[in-house]
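Throughout, residue positions are numbered sequentially from 1 according to the sequence presented. Below, each value reflects all heavy atoms present in this structure, side chains not excepted, and no hydrogens, waters or symmetry copies.
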Amino acid sequence: MDLPNKTLPAALRALGLGLLAGAAFGTVEVALRLAGNDDPSVARRGLALLRYGALWNALLGASLAVFAALLGRIAVGNDWRSAREGGAAVVIGALAAFVTPIVGLLALSDRLTRSSAIIRVCVLVILALCAILVGWTVARRLSARPAGPAAKWVLASAHPRWIAVAMTVVIALSTWLTLRSQSRVVHAGDRSAAPAPVRAAAGAAAPDVLLILVDTLRADALACYGAEADTPNIDALAARGALFEDVYAPASWTLPSVASLFTSTLPSSHGLSDFGQSIAADQETLAERFGASGYRCRAVVGNPFVNAPAGFARGFEVFDVYSQEVERTLFAARLFELSLELSGLWRDPKRSIVPWFEPQAFPFVGSRLSFYVEDRDINRRMRDYAWLPSDRPAFLYAHYVGPHTPYLEHPTRLLKSQPSLEEAHLTELRARYASEVEQTDAAIGDLLARIGAERDLDDMLVVVTSDHGEEFLEHGQFEHGHGVYQEVVHVPLIVAGPGVPRGARVEGIAQLLDVAPTLLDLAGIETPETFAGRSLAPLFADSTEFAAGVALCEATARTLTPDGPSFGIVSRGWKVIRQRARDGELRHEEIYDLEHDPGEEHPLTASSDGLPPEIEELRAQLGALEQSVRIRSTSVVVDGEALDAMGYSGEDAFEPERVPTAEEVRVFAAWTEALPQDYRPLVVPVRFENGKLTVAIDPKAGVEMFREFSGEVHRKRANEQLGEETIRSLDFEPSEGTGIDDSVREQLRSIAPSDEGDSSE
């Protein structure tokens with residue numbers, strides 16, 4: 001690092017080169033990631049990703065350069081040859097010192113993150129000492145060797161000025177490639193959605209439609225629903241439209257609930273009830289129906305799980321969703337994420353190795369390492385990519401995520417934090433949540449104001465609703481997805497626009513399933529036969545028709561309800577909740593009088609005095625919902641034609657020792673829901689009719705995999721996500737809800753290995 005320069009000290013010169021080198025590395029990495037990524041939402045964020053990659057890697061490069069400069073100063077003081085000949089050995093030594101701890105951390109990360117704070121501190125100290133030793137040794141050894149002619153020529157020509165010029169060119173080229181990639185996508189629409197046919201149904205008088213969904217918004221968090229909150233924009237929308245008092249989400253978390261919103265069917269019908277699943281191909285979506293009627297359908301989504309692979313982009317011309325995968329795979333993000341994991345400051349702040357760090361200061365870093373997207377960014381992306389067209393009516397969908405955890409203080413900072421989810425911080429958590437709701441209300445107001453500057457809002461159908469609520473220990477839980485109590489399934493619904501009376505408050509029970517039919521009805525578009533919801537438009541004139549409406553709710557995702565699913569039904573001010581074990585056994589049934597016990601604090605039972613006769617009808621309807629969920633995964637027939645199409649029939653289709661029976665296939669399919677995600681593609685749904693799920697399956701691969709799986713269960717080495725209940729499943733007694741009767745159980749036992757047998761054969 002002893003290159004002559006009379007203007008700047010060597011350390012500052014090294015710092016500048018380090019900044020440039022890191023920025024060049026970051027921009028090249030982002031450009032390469034974008035070049036191989038066909039997600040339009042990612043390409044649209046190209047410049048933001050470039051800035052992110054360049055900034056963080058520049059800081060890393062500067063740190064490395066300062067270390068190299070210090071090492072070079074030591075080399076000069078000790079009269080190393082490398083210091084006299086240009087410092088190449090010093091630079092290589094610094095790189096070696098930088099790479100050594102990273103390699104060590106990556107190799108040990110899984111074990112270290114589960115270790116105690118003392119072990120992690122010791123390992124980190126050892127890695128730091130190893131880095132210094134390796135860097136010193138490499139630099140010292142290389143400096144003892146004389147430079148050859150080629151090395152001398154490279155050193156002589158490698159003047160900092162030319163290095164800086166080269167790196168600047170690299171940064172400029174990477175930026176140009178990113179802009180080129182971005183320009184191809186921004187105006188081309190999403191490649192995942194085919195152009196919608198135009199029909200005369202959407203003439204010049206067809207209203208524009210704006211559907212606003214606020215993730216994790218409780219109904220009682222809005223002033224217009226009785227909260228002490230500052231939500232003037234949503235309140236104003238309710239004042240010029242209709243507010244529905246009793247609206248229920250069909251599920252207590254995002255994926256199944258939003259899928260029900262768009263398909264107007266329950267999760268037990270549309271097929272998206274857990275992570276890794278998607279909306280069934282035979283379910284028409286609201287966007288597809290609007291698109292087929294001549295609308296331009298455009299969406300901006302802040303929740304990364306509401307994405308194209310899950311089926312939500314179907315029918316949209318533009319579907320812009322913030323996926324975090326690119327950010328998380330970048331070098332700087334992975335390094336920082338690993339640092340947070342090892343320090344205990346991310347997932348487990350109580351085990352922090354920083355003694356002065358408060359446990360409630362739980363850090364989040366932008367949208368890269370946490371579930372958070374700024375609501376103002378949703379508005380910006382709406383303006384840039386999904387704005388109102390001039391040639392045809394529009395169906396716009398804006399999905400805000402402000403109220404979702406983490407609950408942040410505004411303005412937000414680089415290191416974002418919230419109190420830990422503990423009862424001791426309940427008051428602050430509630431206040432943070434209320435503040436987030438107010439921030440989202442301001443964003444909605446800004447969006448409506450910008451639209452109102454171009455269009456008459458009175459001529460636009462505007463809907464504000466939510467996918468689910470949020471828990472604050474009302475029933476022992478934080479966040480959502482765990483049950484079907486009021487705090488997570490009672491959601492707001494406000495509709496304003498042509499055909500909607502001003503200032504109406506509707507008391508009849510409604511569901512999110514009713515939103516799609518209502519919008520189509522108000523837009524003059526025929527409702528698909530597959531939609532199970534009802535139009536709420538008749539309520540504007542007479543609410544008696546829907547006064548006895550029924551709302552069904554379910555929480556069946558294994559990832560969120562490992563102890564077993566919950567089901568709920570609401571009607572006439574009464575609610576019935578059932579929670580079952582994974583084997584189908586009923587754990588408890590609760591009945592609530594919502595009129596006198598809106599907080600569901602005093603559960604009743606079927607034997608309680610004073611229950612109305614319709615409770616038995618509600619219990620029967622709830623049983624039918626549970627049965628439909630069980631049928632989805634346990635009642636299976638084999639479709640011969642589908643097997644033929646897949647090449648799994650005939651004499652030459654496969655060569656097993658014997659062809660698996662239909663009963664064996666049924667056994668395997670009955671267990672599909674308990675299998676890890678990687679196993680599930682073996683079962684291909686074909687159709688659902690007459691209470692039977694028809695599937696096509698590779699019988700050979702399916703049964704062989706089931707044999708392996710049952711052997712793992714028998715040896716208690718199954719995947720952790722299966723849980724103890726599944727491990728003990730071979731000992732379950734037949735009971736309603738398991739979907740496995742005695743004959744099937746015998747097939748299961750014949751496939752599973754014996755205690756003495758070798759299950760690995």
Side-chain angles (χ1 to χ4, degrees), residues 38-44 185 188-199 201-202 209-213 215 250-251 254-323 381-382 385-386 389 392-399 463 465 467 512-513 515-520 523 525-533 681 684-688:
D38 59 357
D39 185 345
S41 300
V42 174
R44 294 186 188 109
V185 175
D190 283 5
R191 285 167 285 186
S192 60
V198 178
R199 296 210 296 249
V209 179
L210 172 62
L211 174 57
I212 298 174
L213 186 141
D215 209 301
T254 298
L255 286 184
S257 193
V258 177
S260 292
L261 174 69
F262 276 96
T263 64
S264 187
T265 58
L266 289 170
S268 51
S269 297
H270 62 59
L272 204 173
S273 60
D274 208 339
F275 293 103
Q277 299 175 345
S278 62
I279 299 173
D282 60 350
Q283 294 288 340
E284 186 174 1
T285 69
L286 177 62
E288 287 176 318
R289 178 49 61 107
F290 268 125
S293 301
Y295 276 72
R296 290 200 177 278
C297 303
R298 299 169 176 179
V300 173
V301 178
N303 189 319
F305 297 119
V306 181
N307 52 37
F312 292 102
R314 284 165 37 191
F316 283 101
E317 177 187 65
V318 172
F319 190 86
D320 189 84
V321 59
Y322 197 110
S323 172
R381 286 156 52 197
M382 285 289 294
Y385 313 131
R392 281 193 277 168
F395 169 56
L396 304 183
Y397 174 60
H399 187 136
V463 175
T465 188
D467 52 350
L512 283 188
L513 277 65
V515 173
T518 302
L519 289 177
L520 293 175
I525 300 173
E526 184 179 355
T527 302
E529 295 181 359
T530 57
F531 281 19
V684 182
V686 176
R687 60 177 176 271
F688 182 78

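- For the atom pair CG (Leu211) and CG (Leu286), the distance works out to 7.0 Å, reported to the nearest 0.5 Å.
- Two residues are said to be in side-chain contact when any heavy atoms from C-beta on lie closer than 4.5 Å; Leu396 and Val209 fail this criterion.
- Looking only at side-chain heavy atoms (C-beta outward), Val463 and Leu210 stay at 4.5 Å or farther from each other.
- Aromatic ring pairs are classed by plane angle as parallel below 30°, tilted from 30° to 60° and perpendicular above 60°; the pair Phe316 and Phe395 is parallel.
- For Tyr397 and Phe319, the ring centers are positioned 6.0 Å apart or more.
- The shortest heavy-atom contact between Ser264 and Gly533 is OG-N, 2.8 Å.
- Of the possible donor and acceptor atoms, none in the side chain of Ser269 sits under 3.5 Å from a partner among the backbone N and O of Thr265.
- Nearest heavy atom pair, residue Phe290 against residue Cys297, reads CB-SG, 3.8 Å.
- Within the 4.5 Å cutoff, the side chain of Leu261 has heavy atoms near those of the Leu213 side chain.
- Here the shortest heavy-atom pairing between Asn303 and His399 reads CB-NE2, 3.8 Å.
- Counting heavy atoms from C-beta on, the side chains of Ile525 and Tyr295 come closer than 4.5 Å.
- Note: Phe262 CZ to Glu288 CD = 11.0 Å, rounded to the nearest 0.5 Å.
- At least one donor-acceptor pair closer than 3.5 Å links the side chain of Ser257 to the backbone N or O of Asp467.
- Among the candidates Ser268, Ser260, Pro256, the single residue satisfying the side-chain contact (heavy atoms from CB on, under 4.5 Å) test with Pro250 is Ser260.
- The side chain to side chain contact (heavy atoms under 4.5 Å, CB included) search around Pro389 returns Arg296, Arg298, Asp391, Ala394, not counting sequence neighbours.
- Closest of all the heavy-atom pairs between Arg314 and Ala280 is NH1-O, 3.2 Å.
- Shown here for Arg289 and Glu284, the closest heavy-atom pair between the two residues is NE-OE2, 2.9 Å.
- Taking all atoms of both residues into account, the shortest heavy-atom contact from Val306 to Leu255 is N-CD2, 4.2 Å.
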Please assess Thr465 against Leu512 for the test side chain to side chain contact (heavy atoms under 4.5 Å, CB included), listing each intermediate value before the final yes or no. CA-CA 8 Å; Thr465 188; Leu512 283 188; 3.3 Å; yes

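- Atom-to-atom distance recorded for His270:NE2 and Thr285:OG1 is 12.5 Å, nearest 0.5 angstrom.
- Contact check for Ile279 versus Phe312: side-chain heavy atoms found under the 4.5 Å cut-off.
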